[in-house]
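Structure record follows, encoded as structure tokens.
Just so you know, these numbers come straight off a predicted model, no measurement behind them. Chain naming here is simple, since letters A, B, ... match the order of the sequence lines and numbering starts at 1 in each.
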Protein chains: 2
Amino acid sequence: MPIEKETEQKIFEAAQKIFQKSGFEGARMQEIADEAGINKSMLHYYYRNKDTLFMTVFQSSVKKIMPQLFGTLASDIPLREKVEQIVEFYHDMFLKNPQLPAFVIYEMNQHPQRFKDFIGSMGVQLPEVFIDQVEDAVDSGKLRSITGDQFFMNVVSMCMMPMIARNMVQTVLQLTDDEYIDFLNERRKIIPSVIFNGLII
Amino acid sequence: MPIEKETEQKIFEAAQKIFQKSGFEGARMQEIADEAGINKSMLHYYYRNKDTLFMTVFQSSVKKIMPQLFGTLASDIPLREKVEQIVEFYHDMFLKNPQLPAFVIYEMNQHPQRFKDFIGSMGVQLPEVFIDQVEDAVDSGKLRSITGDQFFMNVVSMCMMPMIARNMVQTVLQLTDDEYIDFLNERRKIIPSVIFNGLII
DNA sequence: GTCTATATAACGATAGAC
DNA sequence: GTCTATCGTTATATAGAC
């Protein structure tokens with residue numbers, strides 16, 4: 001393994017950590033360098049400037065959230081299984097990377113320009129298969145009247161809101177870190193149950 | 001109306017706008033001054049520094065979200081009405097101040113220290129009345145088994161997530177600004193329906 | 001109270017030796 | 001490739017005239 005790769009990788013991982021913790025504006029190049037255990041100049045050697053380094057991290061982060069989600073939505077499995085897969089996926093991902101969802105959502109709002117360029121190029125839109133699936137279920141009387149958009153929004157909301165608002169949740173519900181993790185894990189079963197038993201006639 | 005009050009008020013409103021748009025780290029004192037149409041030095045005359053100005057805005061923002069929510073939860077009305085009131089309240093508030101929820105949630109995560117001091121002093125915790133109400137409904141067989149915490153989390157999630165992730169939602173669902181507002185307003189009826197018809201046996 | 005001018009510090013970025 | 005030293009800019013904050 002060449003030394004270059006190791007350094008570039010160390011920088012990337014450090015940048016990921018600091019950007020996710022502090023956001024673009026709050027992150028300091030010096031802090032990233034310290035986290036990586038290298039000199040600040042190396043950041044500019046491997047990545048031209050703060051913007052480039054940020055975009056590398058941001059794009060990587062989006063790719064950890066989006067493709068799998070839309071892959072599941074476009075797949076050829078029953079609606080109920082799709083919901084269960086998405087719920088499991090997001091809760092697993094959160095355990096590995098607790099600050100990822102809040103980071104992506106926030107930076108998306110802050111710099112709409114920055115990401116609309118590249119996010120259009122990856123097919124990030126609700127698959128027709130999924131839309132049809134919901135419509136068919138409604139038409140055949142299996143589900144109460146609802147659009148695919150609203151159905152999708154309900155699932156994503158129930159999953160991600162407690163992850164994004166961690167500090168508010170822990171404060172209001174007075175949970176320790178461990179209790180908070182337990183609280184989230186309980187939701188793996190609760191979410192599909194609420195979604196479906198609320199929609200099935 | 002004394003001139004002092006007018007200036008202090010103008011500064012506060014400008015700061016509110018800029019902080020909510022850019023966050024603490026992204027906000028610039030100069031931009032706040034420009035927005036208020038006054039000299040930058042005035043910011044330091046009325047509010048000692050950026051931190052003080054921010055905390056004034058942040059505390060005011062929290063007070064626009066929390067008390068009414070917990071007031072409704074603690075009130076003496078049926079569970080279903082509480083949910084409907086909360087949903088209406090959040091959707092009305094969002095129309096008036098679209099960036100408020102994202103601002104509070106994000107800054108809460110960034111500076112846990114900063115707000116835990118003052119947020120403890122305002123009774124921000126789930127009212128016993130509400131917890132008991134959910135427990136009673138479960139015990140008497142009216143609702144499927146669920147805790148007050150999880151019930152509460154479901155309502156707040158369904159309401160606030162689409163408001164916080166506005167840019168993601170509009171991108172994925174390919175909605176114009178007007179369509180997005182319509183999409184949110186539809187949820188006033190959808191949310192209570194999903195929550196309850198999912199829980200009522 | 002409000003302004004101009006300036007101090008002071010921090011940050012991103014670069015030059016240049018090795 | 002990696003370091004030290006430093007430049008240029010921008011940010012918050014203050015001093016002082018009016």
Side-chain angles (χ1 to χ4, degrees), chain A residues 1-61 103 106-107 110-111 113-115 117, chain B residues 1-61 99 103 106-107 110-111 113-115:
Chain A
M1 182 90 75
I3 297 173
E4 325 144 25
K5 273 291 166 194
E6 276 184 11
T7 300
E8 191 170 349
Q9 184 63 14
K10 274 197 292 186
I11 291 173
F12 175 80
E13 284 164 13
Q16 200 166 33
K17 181 170 173 180
I18 302 302
F19 276 131
Q20 284 181 13
K21 187 188 64 162
S22 308
F24 177 80
E25 295 286 352
R28 298 288 161 249
M29 295 294 268
Q30 185 61 59
E31 197 183 356
I32 295 174
D34 293 346
E35 176 70 32
I38 48 98
N39 192 281
K40 197 177 57 167
S41 302
M42 292 290 92
L43 302 183
H44 293 90
Y45 180 80
Y46 285 102
Y47 304 85
R48 211 161 52 80
N49 51 32
K50 189 182 181 182
D51 245 75
T52 308
L53 180 54
F54 173 81
M55 277 310 289
T56 308
V57 169
F58 181 71
Q59 293 189 17
S60 157
S61 299
F103 169 68
Y106 181 74
E107 297 296 341
Q110 291 305 302
H111 316 280
Q113 209 74 355
R114 232 200 280 260
F115 82 100
D117 308 326
Chain B
M1 182 93 74
I3 297 173
E4 325 145 23
K5 272 291 165 193
E6 276 184 10
T7 300
E8 190 170 349
Q9 184 63 15
K10 275 197 291 184
I11 292 174
F12 176 79
E13 283 164 15
Q16 201 166 33
K17 180 170 175 182
I18 302 302
F19 276 131
Q20 284 181 13
K21 186 188 65 162
S22 309
F24 177 80
E25 295 287 351
R28 298 287 163 251
M29 295 293 268
Q30 184 62 60
E31 198 184 354
I32 295 174
D34 293 346
E35 176 70 33
I38 49 99
N39 192 279
K40 199 177 55 167
S41 301
M42 291 293 91
L43 303 183
H44 293 89
Y45 179 80
Y46 285 102
Y47 304 85
R48 213 161 51 81
N49 51 33
K50 188 181 180 181
D51 245 74
T52 308
L53 180 54
F54 173 81
M55 277 309 289
T56 308
V57 169
F58 180 71
Q59 293 189 17
S60 156
S61 299
Q99 287 170 323
F103 169 69
Y106 181 75
E107 297 297 342
Q110 291 305 302
H111 317 279
Q113 209 73 357
R114 233 200 280 258
F115 82 101

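Going from atom OH of A/Y45 over to atom C1' of C/dA15 covers 15 Å, rounded to whole Å. Separating the CG atom of B/L43 from the C1' atom of D/dA11 is a distance of 13 Å, rounded to the nearest angstrom. The CG atom of B/L53 sits 12 Å away from the C1' atom of D/dT12 (whole-angstrom rounding). In this structure, A/E25 atom CD and D/dA11 atom P are separated by 10 Å, rounded to whole Å. Between the C1' atom of D/dT2 and the CE atom of A/M42 lies a distance of 5 Å, rounded to the nearest Å. The distance between atom CD of A/Q30 and atom P of D/dA5, rounded to the nearest whole Å, is 14 Å. One interatomic measurement links the two molecules: CD1 of A/I32 to C1' of C/dC11, which rounds to 12 Å at whole-angstrom precision. Taking atom CD1 of A/I11 as the reference point, atom C1' of D/dG1 lies 11 Å away to the nearest angstrom.
Side-chain contact check for A/S60 versus A/Q16: some heavy-atom pair is nearer than 4.5 Å. Between A/Y47 and A/E8 the shortest side-chain heavy-atom distance falls below 4.5 Å.
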**Q.** Stepwise side-chain contact (heavy atoms from CB on, under 4.5 Å) test for B/S61 and B/Q20
**A.** CA-CA 9 Å; B/S61 299; B/Q20 284 181 13; 3.6 Å; yes
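The side chain of B/Y46 places an N or O atom within less than 4.0 Å of a non-bridging phosphate oxygen (OP1 or OP2) of C/dT2. Here A/T7 does not reach the OP1 or OP2 of D/dG1: none of its side-chain N or O atoms lies under 4.0 Å away.
With values rounded to the nearest 0.5 angstrom, A/M29 atom CE is found 12.0 Å from A/I18 atom CD1.
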For residues 50-58 of chain B, tabulate all N or O donor-acceptor pairs below 3.5 Å that involve a side-chain atom, not counting sequence neighbours.
from  : atom 1 : to     : atom 2 : distance (Å)
B/K50 : NZ     : B/F24  : O      : 2.9
B/K50 : NZ     : B/A27  : O      : 2.9
B/D51 : OD1    : B/R114 : NH1    : 3.4
B/D51 : OD2    : B/R114 : NH1    : 2.6
B/T52 : OG1    : B/N49  : OD1    : 2.8
B/T56 : OG1    : B/T52  : O      : 2.8

Show me, pair by pair, the donor-acceptor contacts under 3.5 angstrom made by side chains of residues 34-42 of chain A, not counting sequence neighbours?
from  : atom 1 : to    : atom 2 : distance (Å)
A/D34 : OD1    : A/Q30 : NE2    : 3.0
A/E35 : OE2    : A/K17 : NZ     : 3.1
A/N39 : OD1    : A/S41 : N      : 2.9
A/N39 : OD1    : A/S41 : OG     : 3.2

Q: Using a 4.0 Å heavy-atom cut-off, write out nucleotides 13-18 of chain D from 5' to 3' as B (base contacted by protein), S (sugar-phosphate only) or - (no contact).
A: BBB---
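Considering all non-hydrogen atoms of both residues, A/I11 and A/I32 come closest at O-CG2, 4.2 Å.
At the heavy-atom level, A/A27 lies under 4.0 Å from the strands shown only through sugar-phosphate atoms.
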